[in-house]
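Here is the structure we will look at.
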Amino acid sequence: MSPWRRTLSLAVIVAEYHPQELDRKWQAHWADTRAFEVTEDPSKPKFYCLEMFAYPSGHAHVGHVRNYIIGDVVSRLKRLQGFNVLHPFGWDAFGLPAENAAIKNGIHPETSTLANIAHMKGQLQRLGISYAWGRELATCLPDYYRWNQWLFTRMFERGLAYRRRSTVNWCPSCNTVLANEQVIDGACWRCGSQVTQKDLEQWFFKITHYADDLLVAADGLAKWPEKVLTMQRNWIGRSEGARIRFPIQGANDSIEVFTTRIDTIFGATFMLLAPEHGLVSRFAKESEDEPAFLAKAQKYRAQDRAGRLTGEVEKEGFFTGRFAINPYTGLPIPICIANYVLGEYGTGAVMGVPAHDDRDREFATKYGLEIKPVVVARDGSPAGAATDDCVLVESGDYSGMPADAARQAITEDAEERGIGHGTVQFRLKDWGISRQRYWGTPIPMMHCPVDGIVPVPDDQLPVQLPKVMEFTGRGDSPLAGVPEFVNVTCPKCGGPAKRETDTMDTFVDSSWYFYRFADAQNDQLPFDPKKVGYWCPVDFYSGGVEHAILHLIYSRFFARVFHDLGMVEHTEPFTHLLTQGMVLKDGAVMSKSKGNVVDPDSMIQKYGSDALRLYVMFVAPPEKEVEWTDSGLEGSFRFLARVWRAADQWATEGAASSDTKAAAGTHATTRTAIDHGALTSAERALRRKTHDTIKRVTNDIDARQQMNTAVSAMMELVNELYAFAEKGERSAQAPRVAREAIEALIVMLSPFAPHTMEELWQIYGHADGLRAARWPVFDAEVAKAEELEIPVQVNGKLRAVVTVAPGVENPELERIALAEPNVQAHIAGKTIKKVVIVKGKLVSVVV
RNA sequence: GCCGGGGUGGCGAAACUGGCAGACGCACAGGACUUAAAAUCCUGAGAGGGUCACCCCCUCGUGCGGGUUCGAUUCCCGCCCCCGGCACCA
């Protein structure tokens, strides 16, 4: 008969593990006591834990939910460690799906969005996520988006928000403009449609103002994944170089190029213009056959876009009939239009240096243009595109100069001659935020025939979305069709004016919501700088890596804007970033269309929320992708049931034990100090395991952030408890020793399985709940090993393991090791050259 | 092409500072309990071999090939493959 059966028959508190009842009980308790609401408390260290807020699509699947569980485990841990923890949640509630649904089924986006929020909030509550719901926000409510408008106006006043006509990315399916960051492989980030180009008047945020700082400061983000930083660095794309003008032969003007290799300028044997370059139409006019000229340029423009999608298009170009003068050789070089020169980068024109640029070489070879090497390796061999240890040749006065030095010298010379200057070029472009849609923040601007662009005065904010709308899906701004919205009075001249009818990109909403959580009810300002000063920056932020160059770069930008407005002291909003891996099902990302979503509610119904939470944390480190398995979840459920039974048994044995103090029935008495010296060796071993587990779990969670190994350490402790109950020799103190293990286990496991552990904690007599509990304290004395197992190697191969007392001296250890029969067998007939002893670790014999 | 991450049992993974590779879990197998099943508890297990009566012992083994070291999943050099990002950025 198992020990469990034996004790169950005597049990005072017998309860089977029914997690669903515990879920209900403790979720109600947390809600009733407003357990996770917090205020600023200068006496405590603060911890701001945040998961990327959610788009209210209607249903969260376990892939989404993983992120919230990760954040919740961190939050609950930090509370146990004495931090004042802010853990809020909200809704990224504007966006196209709701509006598209409205076009289809006539339900107003606000109605469907609020219904979706209600359902998803219920899902999160059923998981027992410890949010401060009092701070909940939804970006689609005027309380929130008025501050988008307020901030937009501040940015407009500072020139950080501006309007210009430009070629923009257009998604024909979403009927709106997209920012560069929102075009993935030439397709819309949201719906996957092929993006086309359009010329439109658009509002932009001047993120390029901070390009250099965003890049440099990335080096200081020590707790961000390298992957994300690399992506941001690539996206910002800084290159140092020079701009230099080449005169056009037979004309008064010149063409400016950007180059990072001005040291190769003596090898520039042709010049290339992008098909979009401003001079194309002029050269076309001056050519013999203008329509043919323009047709070819136009072909490249179209081709260029296609080329970017498929990767490779053969380099192609044609001669304009005009020449430029290389300002260093003084020689005329042909000006060509080429399909591989980008209009939007640098000056849209480049000097062709075929000897030192692979693309130019390909082009020159195809058209028979001159290839003139001007940089060679020190030994005189061809340098190609390399620069290290290279010197210039055939470069006038610069011949013989190292390439690096020449870059500087020629740049300085160009500056003196007034034909160029050193400069830094970024790939990052300003953020186009106008969207020709309804379900977003109205841009708080007016167009007055007298005063031009006029911001809506602050006291007229928010500019509210008109409620009554018909959604037609026609491809222009829906707000333009609402006269009551459009027609306004100019606050400057009092004359009639028109409202801006575009709305803001929803990424504006998400670029600062983490500040609003620090002061979610403020109706005077987006937030009180003092409150943000207490809570921010966010200490732990987790979400999907897909936002690496979207939300995460925009938020860094906004932090700088708020900083320059004097509202926040920091410039980096997120100290520690974790990008959680996706949950796959049948090898694919979960999605409704694939029909492979796992619904958290049905899992909770079957196994309880704690099993789901524990499984998600145990299956792999949080940043790793995982494959969902039902059997894995079942394993976590089994573990919790195992903990439950062990706790139940020892609660019973503690109460029914022959130990007189314990028999008095109060749990407090069984928590009196353990007389360690009087324990059996099995009891000492269990205590050792208990304290060893405390140490491992604490270290795994704090220093290593490896939740999965923390859980496995606790599983080992439970296995040990079972072994002790099964066959451990017991003294009268056995219940106390077991209780010590179980109470430590309850507290350490509570971030992962809070409902079950609250219940057990209560059963163990702690009336004030886990919120009053403290993280268990590791006792090195108790954890000290009574004997050590030392591996013995001969020539690097394991030959024996010897058991010795800790603190054994090296000569003695060597003697014991060499006495091992199997060691003797392997050194027989050979001379010992060396014995390496790592104290307390190993003996290595070399023969 | 460039950048980042990775490659360990049937599977998810672990090994912290160069020191017993595979902890913990899943799946599997055997046993106990049961009329039976489920549940539960216990036991086993990298591959191959020796002695197979047991204890045990040997060889190989962390993508591949080298190197450093008494000792390498860990460090160095050179490759291969997978995932992710960027990609004609002058």
Side-chain angles (χ1 to χ4, degrees), chain A residues 1-5 184-185 225-235 237-239 241 257-261 264 272 274 304 307-308 311-313 315 338-342 344-353 356-360 362-363 425-427 545-546 548-549 615 618-621 623-627 629-636 638-639 641-642 645 696 699-700 703-704 706 708-716 718-719 722-723 725-727 789-801 821-822 825 833-838 841-847:
Chain A
M1 200 182 200
S2 88
W4 310 119
R5 270 169 202 288
I184 315 288
D185 288 336
E226 202 49 46
K227 176 168 58 165
V228 173
L229 294 175
T230 304
M231 285 165 73
Q232 293 210 353
R233 289 187 188 111
N234 288 344
W235 187 257
R238 181 183 200 270
S239 26
V257 301
F258 172 74
T259 179
T260 55
R261 291 298 307 277
T264 64
L272 299 172
D304 187 27
R308 256 186 246 168
E312 272 303 307
V313 167
K315 292 180 184 28
N339 65 347
Y340 69 94
V341 178
L342 302 173
E344 72 262 28
Y345 183 77
T347 64
V350 299
M351 60 183 203
V353 186
H356 304 293
D357 182 288
D358 293 340
R359 295 155 298 175
D360 294 344
E362 194 183 327
F363 189 79
Q425 181 70 42
F426 292 96
R427 224 185 63 118
V545 73
E546 65 274 15
I549 50 173
Y615 168 64
F618 174 63
V619 65
E623 52 283 336
K624 259 192 118 151
E625 213 166 63
V626 293
E627 172 73 25
T629 60
D630 285 359
S631 57
L633 173 60
E634 205 173 317
S636 292
R638 275 202 295 262
F639 170 69
R642 208 165 140 85
R645 284 188 299 271
R696 275 174 66 189
N699 184 46
D700 279 356
R704 305 207 306 153
Q706 288 218 129
N708 54 331
T709 51
V711 174
S712 71
M714 292 189 272
M715 287 172 166
E716 285 184 47
V718 172
N719 291 344
Y722 271 68
E726 178 82 5
K727 57 192 175 209
E789 296 205 325
I790 307 283
V792 184
Q793 296 177 350
V794 179
N795 284 348
K797 291 205 161 114
L798 181 72
R799 296 303 180 195
V801 178
N822 200 40
K833 289 189 194 137
K834 191 158 109 179
V835 178
V836 180
I837 298 180
V838 183
K841 276 269 173 73
L842 121 159
V843 179
S844 182
V845 184
V846 190
V847 292

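Reminder, nothing fancy here: chain letters follow the sequence lines and each chain counts from 1.
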Please tell me if A:R642 has a side-chain N or O lying less than 4.0 Å from either OP1 or OP2 of B:rC42.
yes

Among the nucleotides B:rC88, B:rC24, B:rA27, whichever has the atom closest to the side chain of A:M715 is B:rC24

Hits for ring pair (Phe, Tyr, Trp, His ring centres under 6.0 Å) against A:F363, two or more places apart or cross-chain, chain-then-number order -> A:F270, A:Y340, A:Y367

By side-chain contact (heavy atoms from CB on, under 4.5 Å), A:V619 pairs with (sequence neighbours left out) A:Y615, A:V626

Phosphate-side-chain proximity, A:R638 and B:rG25, N/O vs OP1/OP2 below 4.0 Å | no

Below 4.0 angstrom from OP1 or OP2 of B:rC41, is there any side-chain N or O of A:Y722?
yes

- Within the structure, does a side-chain N or O atom of A:N822 lie under 4.0 Å from either OP1 or OP2 of B:rC58? yes

Residues at least two apart in sequence or cross-chain that pass side-chain contact (heavy atoms from CB on, under 4.5 Å) with A:D630, listed by chain then number, are A:M603, A:W628

Annotated structure of RNA chain B as dot-bracket, pair cut-off 3.5 Å, Watson-Crick or G-U only, | for inter-strand, is (((((((..(((......[....))).(((((.......))))).(((((.....)))))..(((((..]....))))))))))))....

A:R645 side-chain N/O to B:rC41 phosphate OP1/OP2 under 4.0 Å: yes

Kindly indicate, with the supporting measurements, whether the criterion side chain to side chain donor-acceptor pair (under 3.5 Å) is fulfilled by A:N234 and A:R427.
-> CA-CA 8 Å; A:N234 288 344; A:R427 224 185 63 118; over 6 Å; no

- Task: Check whether any side-chain N or O of A:R799 sits under 4.0 Å from OP1 or OP2 of B:rC56, and answer yes or no.
- Result: no

Nucleotide by nucleotide, nucleotides 4-14 of chain B touches protein heavy atoms under 4.0 Å in the pattern (B base, S sugar-phosphate only, - none) S-------BSS

Against the side chain of A:T259, the closest entry in B:rA27, B:rA90, B:rG19 is B:rA90

Next item on the list: List the steps, then state whether side-chain contact (heavy atoms from CB on, under 4.5 Å) holds for A:N822 with A:V792.
Entry: CA-CA 10 Å; A:N822 200 40; A:V792 184; over 6 Å; no

Interatomic distance at P, B:rA21 relative to B:rC28, whole Å:
30 Å

chi for B:rG9 classified (syn = within 90 degrees of 0, anti otherwise) as syn

Result for 5'-nearest mapping on RNA chain B, choosing between A:S239 and A:N795, is A:N795

Can a side chain N or O of A:R427 be found less than 4.0 Å away from OP1 or OP2 on B:rC86?
no

| query | Phosphate oxygens OP1/OP2 of B:rA72: is one of them under 4.0 Å from a side-chain N or O of A:K797? | reply | no

Does a side-chain N or O from A:N719 land closer than 4.0 Å to OP1 or OP2 of B:rG25, or not? yes

Could you go through residues 708-715 of chain A and list every donor-acceptor pair under 3.5 Å that involves a side-chain atom there, pairing it with any protein atom two or more places apart or in another chain?
residue	atom	partner	partner atom	Å
A:T709	OG1	A:D700	OD2	2.9
A:T709	OG1	A:Q706	O	3.1
A:T709	OG1	A:Q706	NE2	3.4
A:S712	OG	A:T709	O	2.9

